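Heads up: the structure comes next, in structure tokens.
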2 protein chains.
Amino acid sequence: MAASSVKHNKQSKKSVGCPVEFTLEAIGGRWKVLIIHHLLEGTKRFGELTRLLGGISARTLTRQLRELEASGIIDRKVHQQVPPKLEYSLTTIGRKLEPVLLAMHDWAEESLKSSRRSKK
Amino acid sequence: MAASSVKHNKQSKKSVGCPVEFTLEAIGGRWKVLIIHHLLEGTKRFGELTRLLGGISARTLTRQLRELEASGIIDRKVHQQVPPKLEYSLTTIGRKLEPVLLAMHDWAEESLKSSRRSKK
DNA sequence: CGGAATCCCGTTTGATACTG
DNA sequence: CAGTATCAAACGGGATTCCG
């Protein structure tokens, strides 16, 4: 396989063809919906989120927050001081994810209800 | 960790703490929302889905369909005949995912709108 | 305190070949 | 037609260590 051209497209992740997938990618991480949920209740600091999420590593939280930031969902405010202080909050568009989370929440409850009803 | 009686279920690789995550896991695959979208328009066969999705491998499509089936979202009907014929359709609970997809779709459009305003 | 860098592992997906 | 089997790569995420 000499000189096989392996292209590293910047979009090599997943080519998103439809808006629904766009949203799914924005909130699809392991912790993102939880982070959004907590931020819906107000601004949080890095350490607060670490405690609230229970068990997330610093590296992973950093990455999830940066990805949410890149999606325009959260805002990252740096206070230059010692000790360092950072505040994370939802942007306007980020707060608009609430109906999405609610729709998902409702479906989950309905799904659990109907699976309790005899299926087998 | 509270409940240490973790079952080694093949399905649950991630412990789901809240309903929103439950939904996210059900539709969180690479192709699942697209499959659901196409099935919202009617019953499809395996080959039809392969063509509609454009680029999915047989192995992956099989797995995504089986996972959706395990979640109770789709129904798989086998017609014992030659050539073989399989029909996939949404269950009642599967059809109820439509509001979720719509909410996600709406958010994506709003997100794109606001990113046009601020950045580019 | 809030990361960045590095190493590592399990899961997901894809390519390919084969089968009932 | 609708899969299954096998291998390999891509990716996400955790643990640990170090740094401003």
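None of these values were measured; they are calculated from a predicted model.
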Exercise for the section: Tell me which residues in residues 76-89 of chain A put a heavy atom below 4.0 Å from DNA chain D, sorted by number, or none. Expected result: A/Pro84
Exercise for the section: Determine to 10° how strongly the helix from C/dC1-D/dG20 to C/dG20-D/dC1 is bent, judged from the axes of its five-pair ends. Expected result: 50°
Handout entry: Phosphate OP1/OP2 of C/dT11 contacted by B/Arg63 side-chain N/O (<4.0 Å)
Key =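 For C/dT11, neither OP1 nor OP2 has a side-chain N or O of B/Arg63 closer than 4.0 Å.
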Any chance you could measure [X], atom [atom1], to [Y], atom [atom2], to the nearest 0.5 Å?
X        : Y        : atom1 : atom2 : value
A/Leu49  : A/Leu39  : CG    : CG    : 5.5 Å
B/Ile93  : A/Lys113 : CD1   : NZ    : 8.0 Å
A/Leu61  : A/Ile35  : CG    : CD1   : 5.5 Å
A/Leu112 : A/Glu110 : CG    : CD    : 10.5 Å
B/Leu65  : B/Lys44  : CG    : NZ    : 13.5 Å

Rounded to whole angstroms, how far apart are [atom1] on [X] and [atom2] on [N]?
X       : N      : atom1 : atom2 : answer
A/Leu68 : D/dG12 : CG    : P     : 13 Å
A/Glu25 : C/dT12 : CD    : P     : 17 Å
A/Glu69 : C/dG3  : CD    : C1'   : 13 Å
A/Gln64 : D/dG12 : CD    : P     : 9 Å
A/Leu65 : C/dG2  : CG    : P     : 11 Å
B/Glu67 : D/dG3  : CD    : P     : 14 Å
A/Leu34 : D/dG12 : CG    : P     : 18 Å
B/Ile35 : C/dT13 : CD1   : C1'   : 13 Å

Determine whether a donor-acceptor pair (N or O, by modelled atom type, separation under 3.5 Å) exists between the side chain of [X] and the backbone of [Y].
X        : Y        : value
A/Glu109 : A/Asp106 : no
B/Ser111 : B/Trp107 : no
A/Glu67  : A/Gln64  : no
B/Thr91  : B/Gly72  : yes

Completion exercise
Ranking A/Arg66 and B/Gly29 by the position along DNA chain C of their nearest nucleotide, the one closer to 5' is A/Arg66
Handout entry: Summary of side-chain hydrogen bond (donor to acceptor under 3.5 Å, both in side chains) pairs that have at least one residue in residues 75-89 of chain B, sequence neighbours excluded
Key =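 Listed by first then second residue: B/Asp75-B/Lys77, B/Arg76-B/Tyr88, B/His79-B/Glu87.
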Handout entry: Other residues, nucleotides, ligands: >12 heavy atoms within 6.0 Å of A/His38 NE2
Key = yes
Practice task
Kindly write out the residues that satisfy side-chain hydrogen bond (donor to acceptor under 3.5 Å, both in side chains) with B/Ser57, not counting sequence neighbours, or none if the list is empty.
Solution key: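 Listed in chain order: B/Thr60.
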Handout entry: Closest non-hydrogen atom pair, B/Thr23 against A/Met104
Key = OG1-O, 2.7 Å
Exercise for the section: Mind listing the residues from residues 40-54 of chain A sitting with a heavy atom below 4.0 Å of DNA chain C? Number order is fine. Expected result: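 Under 4.0 Å from DNA chain C: A/Arg45, A/Phe46, A/Gly47.
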Completion exercise
In 5'-to-3' order, the base (B), backbone-only (S) or no-contact (-) status of each nucleotide in nucleotides 14-19 of chain C, using a 4.0 angstrom heavy-atom cut-off, is BB----
